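Not measured: the values here are computed from a predicted model. Hydrogens, waters and symmetry mates play no part in the numbers below; they use all other heavy atoms, side chains included. A note on names: the letters A, B, ... follow the listed sequences, proteins ahead of strands, and every chain is numbered from 1.
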Amino acid sequence: MSLENVLNNWSKYRRGAEEGGHHDYEHKWAMMINLDLCIGCNACSTACYAENNLAVVGKDRFEKGQAMHWLRIERYWDQAEQEFPEQGASFLPMMCQQCNSATCEPVCPVAATYHTPDGLNAQVYNRCIGSRYCSNNCPFRVRYFNFYSYYESSWPEPLNMQLNPDLTVRDKGVMEKCTFCVQRIRVAKDKAKMENRKVGDEDFKPACVQSCPTSAMVFGDYLDEGSQVRKLWDKYQVKMGPAKQDKQEPDMRGYRVFEGLNTDPSVLYLERVREKV
Amino acid sequence: MSIVNEKDINEQIAWAKINADVLRSMANPRRAYWISVAMCLAMIACAVTAEVYQYTEGMGYANLNNPHMWDMYIATFVFWIGMSHSGTLLSAILHIIHADWRKPIYRFAEAMTTFSLMTAGFFPIIHLGRMWNMYWVLPYVSDRGHWPNFRSPLVWDAFAISTYLSASMLFLFVGMIPDLAICRDNAKGWQKKLYSVLSLGWTGTDRQWRNFRKTYMLMACFLIPLAVSVHSIVSSDFAMSIMPGWHVTTFPPYFVAGALYSGCAAIITLFVLLRYYFRFEEYMTKAIMEKTCKLTFAIAMVWTYLNLVEFASVWYGHDIYSKELLIAKAVGPYAWVFWSMIFCGSVLPFTLAFQSLRRNMPVMFVVSLFLNVGMFFERWMIVAPTLSMSHNPHQWDIMWGSIIEWAIVFGSFGWFGLLFLVFVKVFPSVSMYEVKEMVYHRRRHVVNDEAAEKFHRRASDSKTGTDEPGLEGA
Amino acid sequence: MKRYSIMALFGDFDEAFEAIAEIRHAAIPGITTDDITLKSPIEHPEIEEVLGERPVHIQKFTLGGALFGLIFGFFFLASAQATFLVQPQGGKPVIPLPSNFVLVYEMLIFFGVWITFFSFLFLSGLFRKPHPLYSEKVSLDQIGVLLEVDEDKMQPLKELFNKHKAVEIREGVIHQ
Amino acid sequence: MTGTINRRSFIKMMGWGGVGTALGGCDVPTTVTLEEGKEDVVSYLMPEEYVIPGVGVWYASTCTQCAAACGTQGRVREGRVLKMEGNPNSSVNSGKLCVMGQAGLQGHYNPDRIKEPMIRKNGSLSLVGWDQALATINDKLNAADGARVAWFTGTISGHQKVLLNALLESNGSSKHYVHEVVGNKVLQAVSRDMLGDAMPKYRFDKAKMILSFGADFLGSWMSSPVHFAGEYAKFRTNKPRGLLVAIEPKMTLTGGNADLWIPARPGTEAAIALAIANELINAHNKDAAILPESVRNLIGQHSAESVAKQTAVAADRIKRLAQLLNERSPSLVLAGAPVEGQTNGYAATAAIMLLNHLLGNIGQTIESPGAFAFAQLEATTGGTADLIAFTQNAKDKNLDVAFFYGTNPVYSAPDALKFGDALKNIGMKVAISQFMDETTAQADVILPAASYLEDWGTHVAAYHSEQPAISMQQPLMEKLYETTRGFGDVLLALLQNKNKDKYGQYADYYAYLRHAFSAMPASYKENPASEEHSWNAVLQKGVIKVQTTDESLSTSIAEIDTPTIPASDSAYPLTLVPSVRLGLWDGRHANLPWLQEAPDQIAKVVWDSWAEIHPSTAKKLGIEQGSIIKVSSKHGEVTLKAVLLKGLHPDVVAIPMGQGHTEYGRFAKGLGVNPLKILAPEQEQKTGELAMYATNVKITDTGKKDTVVKIGSTDTQMGRKLVGTVPVEQVRRTEGA
């Protein structure tokens, strides 16, 4: 009886994220992107198209701003005042940051986006009714809405044979976004379970991380002390969870985009480095 | 000056005439009526066509894109919700403060409330990507154990609007029962049947009146906080987000003020129309118009003030995103909308400050229309700019409504108009019994003080009389 | 003995008031204001007061409805949230009081209003055939005083009404 | 990676895969009843080991999207290949893959593939069977004088090359033209002359500083982007962190990642290099003795100051570069397309190369790849000289039969070459192609090629990485269209006609490969006892590592004739830069939607052509972002949108290659313009390569305007910290970089 449930677990259900929420995480998938190594080559983005059945929208719809690239490389020029960008371009691979205090989650009227025990920010396509509030409330603007039925236009025969059967092709009216390649996570977890062991770094990589020619991206389980990504987060003295970061070495690289908004993202970026000549 | 203390209504007016006039307004429509009905239907047709296209082809044709997920539909939704606050204001608030000049005009105001709600209700549904699943927002028991997310302001909307709609419909209906009885008594044939059913067998007994009075007062008391909460909740669709320009503490009062404002403006519009169409000069008098205008002016100033508060708090605040946005509103691509909103919303209402203008029906008609245009701009300025430039500059984008969106917005006015046109022919758009009360009391208290005096004396006598025992038995 | 129902219609409300006041003062033994049903086109707090204490109970139901909305509302939400644990956390607790309060507030009003309405329907003696003596005049501009009396009271009543310039007196036999 | 597989079950798996494709796939499975007896009912209850429904298996192969020969692995599920990834065993790309490699799938599944052989009968193409098509060709070949038979291909290596050479031989023809628009033939020539090896090994990991003169090694340079991206990562993560300086006309991907990017008009690089040399000798007393007299004089003429006047690169900046090169030793100085693409490209490249000699980088950061054990398999890299030579031959009516494979000259040849007219002189044009591209559309006989995911083959990277290897290509699924054939099979078929007794024994190209493998020395076999086992092992690994004999580079510096800075033409004041997009490449990938929708790395534009112009130039010409402009050279004009970019020399207008197809399927056709068309037919004097960066153009505004379809609304970060940047000193302190 749920009322009983309420009364028994009242204090538990009143716990916020800082006390770990109402359940303990099995994993907390996290990423580290070294912007000094990111050359902005788009390999990750295209890998994402291939892995996640992303729709190709075509020129006109791209022009209307309806592109579906879950992982986009943002390019900025930092030396606006100078005649030439002598320090080159700034590339930023921007995908869903899988925030732990995600702003998209509480606003969804039907709970189509929620937080999994893996610390992922999941989007349930079947449940989505397309109110698009989540996207409006995402400071990173990394949620993409199916404004049309792309399966009709994007994969003319036999291109559709390339579609990855591990995940769906989304129909019009639902929101979608980067999932950290949840289908790969799924497979890896099942495999590990069958061999009854923990999921390790080598079990899988998201498509983007796998493809990165300069290995600028690192992915893993933040809760696993031994994982490479955890070591890196620790090395760069960024913690997941607390609203305020206190680095022993303030000059140490490592930041999260829009840290100030306190959404607690799971993607750690390392500043790109430039040498003044 | 003579006109200054002109009466709200001529208390010598015969009750029979009141009945007659109002019933006349319901009888045999004029050609103008049918033309307007046809126009409304045409407008609705546009909207339906557009919606069917959008439904089959996809939301993309509404010019929505990655940053711009809401825009026109939600803006219009807020607009109509705002419109709906007038009726409640007039009937409920003025009722409990015993401002009886409301009596001739509150009925259509309340009708307006209900109908604009029924219009507003469409927009959240239209804007859904998969509207056929809209009922998922409601907390029904599902064998999958699904519930809506009660955290989401959109769910609050669903609750608030359904509550508000049912409550205001009841309020409208209850208030109409005695008049429906009058209709019943004067109608023939199928209309008689209809009104007999609707009037629930009202015969004006003292018991009915007593309960009626209490019910009406109780409902009024519920409706006022409800109306306030409804638009506060609508405002939290924005205020609960973290987006610059939306995450504003003053939004709830700001929205409520804006709502009352547009509501009053709409009342003035319809006031003039009804006065002209149904020759209600004797009931919708210039004096009442003046009072309405003064009210509107006051609210306009409140709205203006809240605007300034918001600007100031952003300007002196440290949120660079909001500040950036504020500046962009004033000088960016949406600037002309912004400034016309300021003009229509804050400058134009000063016409209401001049008695000569207040008493000039055509002028008031035009002004009131522009006030509402300003309010529509306000809604657009609330929704669009934030979407066009939020935190991540990479995704900044300017967007204007597409033909599809405009067609649907256009049609919503047709829908509202149609409902209203039907209403004025089926139901008395002026409350007969309350006008009678108004006349009755004024005649007693205002005109014939002496009689009132006498009346009271008698009353006290009769009271004391009851205290004497024994007489009963004698 | 035959029993009659009689209704007098008055054009002048003061006269109607006088008439009732007189009956109240036991002008006709055996007839009290409790027998009187007043039928009027408008509200008459001031006339009704001569009819003596006639209590109204709606507000109690209203209170009940509101409280129901309040309590049921909260536990409904809370238990829904507690069963549906895979709902968006966004770093927030499972049962977030602020948002629940908003909804509970709406439900309070919702139930309050509806209960009020229904109690009105049942308490105010609606849904009845109009009284045989009912006259459209009542819904226009005349006030009616309706009583049910024994045969012997008829005459004095008529006199009393006529004395107070009753516009019209209707009567009818209820049963032999 | 995968369990052991033997050929039989592998092919069987392919069969199963086929059924899987028929029943599974993406659309609703049609209900199959035995009564109908039309379809087979396939039980998934006891599936083959390799087609367990829902389980993806990775198979190794080789990517042929560009000439880099990256090792790949493809994920096969229910008989369909779904995803391409890099093969960790390949030292070319060590498990990584670039945009083009990822998009290979869309070439394979492309809706516009040619499905059946076609023959042109009086003007119009008609479908024919393979036998007829081959018969037609063979008749012609038998009739034709072998010397008048030519093969026109892209970069080719491995056993396909062996067979092709055999075929040419059997025809008695030596006319094999290898054409690549994106190549470094001039650099290769220079390297051959100055280092003794056309393709030395560049050790980024050892270099402390890289000075790149337009060498876009992250993009097109040496056409091995993934490999050099990996090398770049090592270079950057070194301690101390490598310093990258790029001097180029248009900011390439490499320039976009440089610590210092210096704009230079094409043709001025050599002068800058010589000025640096001058500084190195005079200010940092590098030993000039290794240089011949003439070269020393040449350097002497180029003082920093004088060059600064010519090139608008500040003198102190040149001095600073020299100083840095001196401090950061060993370093690397690289020359790329803009330098090579001049009429005196050879001299210019040489002038840059000699900096490596001066700095003593030879043997340090530039090493010999050593002699490759199987010379016959080594890649023949393509250039543009062969295009011109071929055109000339055709013009002179020296060709009766021409075979086209893996290249699209009709598209890539400048109008001025009149390639189209030249083709008319060829009796029979045979195109072995997957798509109806511009060249194929001109052909008389069209042979539908199998996609590289359906074909067998071996490849050898032109640029040898740490571990030279033969990269194996195997089919990842059964053919989509039974009527297509692999290139190897086509060659074999043609050979069997000429030389039955030698090649008749091979049922198909696969059989030939097996034979060739068995002929390899035992040291290449995992288990010499079991041929089968060794072969499977090779297929699983995907690469056959090849021993090389150590060699050292020679450091001979020949005469270098003065690199002259091209005179600017007042009528055509700007220089055209036909830039390469990592994605569309030379246009061969324009029919892959993923690559069309992948924004250009620098300009971020999609689905279109555009002309990049520096804001200052645009201001002068009154051009804004999105203005429709005419870019015209003496040899033609193109009309396209203007995109204002600061990463550009003001005297340069850059138009990316790849668009402007008149054929090539629904995704490519009629999109944008092709800058190659308006190139001047200038040639590099020494190598005869097309001087692609030597075309002067002018811009005229049409007054029209249109929106540029791109991502990214702002150029700057608007004061937010999206991409943080820190000075290297800080990182040295915190991370010891």
Side-chain angles (χ1 to χ4, degrees), chain A residues 2 57 60-69 72-76 92 94 103-114 124-150 152 171-175 257-258 260-263, chain B residues 55-70 74 124-125 127-138 144-158 237-238 240-244 246-247 319 321 383 386-387 390-397 399 402:
Chain A
S2 55
V57 300
D60 301 350
R61 289 170 179 181
F62 205 108
E63 181 174 356
K64 283 174 91 177
Q66 296 161 339
M68 304 294 287
H69 39 55
R72 58 172 190 254
I73 309 278
E74 300 181 358
R75 189 266 293 118
Y76 299 101
L92 179 71
M94 176 55 76
T103 48
C104 53
E105 286 169 359
V107 295
C108 173
V110 292
T113 175
Y114 75 102
V124 187
Y125 304 132
N126 295 355
R127 179 67 172 168
C128 179
I129 60 171
S131 78
R132 308 195 289 288
Y133 199 163
C134 52
S135 172
N136 280 350
N137 207 25
C138 171
F140 307 92
R141 289 279 187 252
V142 287
R143 295 181 145 263
Y144 298 91
F145 187 70
N146 286 275
F147 287 106
Y148 310 90
S149 286
Y150 288 111
E152 293 158 349
D171 196 353
K172 71 167 185 277
V174 303
M175 191 63 72
V257 175
F258 298 138
L261 297 178
N262 195 16
T263 62
Chain B
Y55 179 95
T56 46
E57 295 302 312
M59 297 297 293
Y61 290 102
N63 271 7
L64 298 169
N65 63 14
N66 182 354
H68 285 273
M69 291 284 180
W70 275 3
I74 297 302
I125 297 168
H127 108 290
L128 284 185
R130 305 203 300 169
M131 63 165 73
W132 52 94
N133 292 333
M134 64 193 173
Y135 63 93
W136 288 355
V137 178
L138 304 173
R144 295 177 184 164
H146 274 317
W147 291 98
N149 168 21
F150 297 107
R151 282 195 195 83
S152 168
L154 292 183
V155 173
W156 306 353
D157 275 347
D237 286 355
F238 306 99
M240 290 287 159
S241 77
I242 64 163
M243 289 294 125
W246 282 4
H247 187 64
D319 182 355
Y321 305 117
V383 180
T386 290
L387 293 172
S390 65
H391 301 89
N392 187 346
H394 185 270
Q395 292 301 92
W396 285 0
D397 179 48
M399 180 274 220
S402 76

With chain A as the partner, which of [options] has the greatest number of non-hydrogen pairs under 4.5 Å?
{"options": "B/Gly58, B/Ala158, B/Gly60", "answer": "B/Gly60"}
{"options": "B/Asn133, B/Asn66, B/Val155", "answer": "B/Asn66"}
{"options": "B/Tyr61, B/Trp147, B/Phe150", "answer": "B/Tyr61"}
{"options": "B/Arg151, B/His68, B/Met69, B/Met59", "answer": "B/Met69"}

Flag the pair A/Arg72 and A/Glu74 as a salt bridge only when some basic side-chain nitrogen lies within less than 4.0 angstrom of an acidic carboxylate oxygen. yes
Take A/Tyr144 and A/His69 through the ring pair (Phe, Tyr, Trp, His ring centres under 6.0 Å) test and state the conclusion after the steps. CA-CA 8 Å; A/Tyr144 298 91; A/His69 39 55; 5.4 Å; yes
Residues in side-chain contact (heavy atoms from CB on, under 4.5 Å) with B/Asp157, at least two apart? B/Phe77, B/Leu154, B/Ile161, B/Ile233, B/Val234, B/Asp237
Could you tell me which portion of A/Tyr114 (side chain, backbone, both or neither) has an atom closer than 4.5 angstrom to a non-hydrogen atom of chain B? neither
Contact part of A/Ile129 toward chain B, heavy-atom cut-off under 4.5 Å: side chain, backbone, both or neither? both
Run the side chain to side chain donor-acceptor pair (under 3.5 Å) test against B/Trp246 and tell me which residues pass, sequence neighbours left out. B/Thr386
With a 4.5 angstrom heavy-atom cut-off, is it the side chain or the backbone of [X] that approaches chain A, or both, or neither?
{"X": "B/Ser402", "answer": "neither"}
{"X": "B/Gln395", "answer": "side chain"}
{"X": "B/Phe238", "answer": "backbone"}

Lys/Arg cation over aromatic A/Tyr148: A/Arg61, 6.0 Å, 45° cone: yes
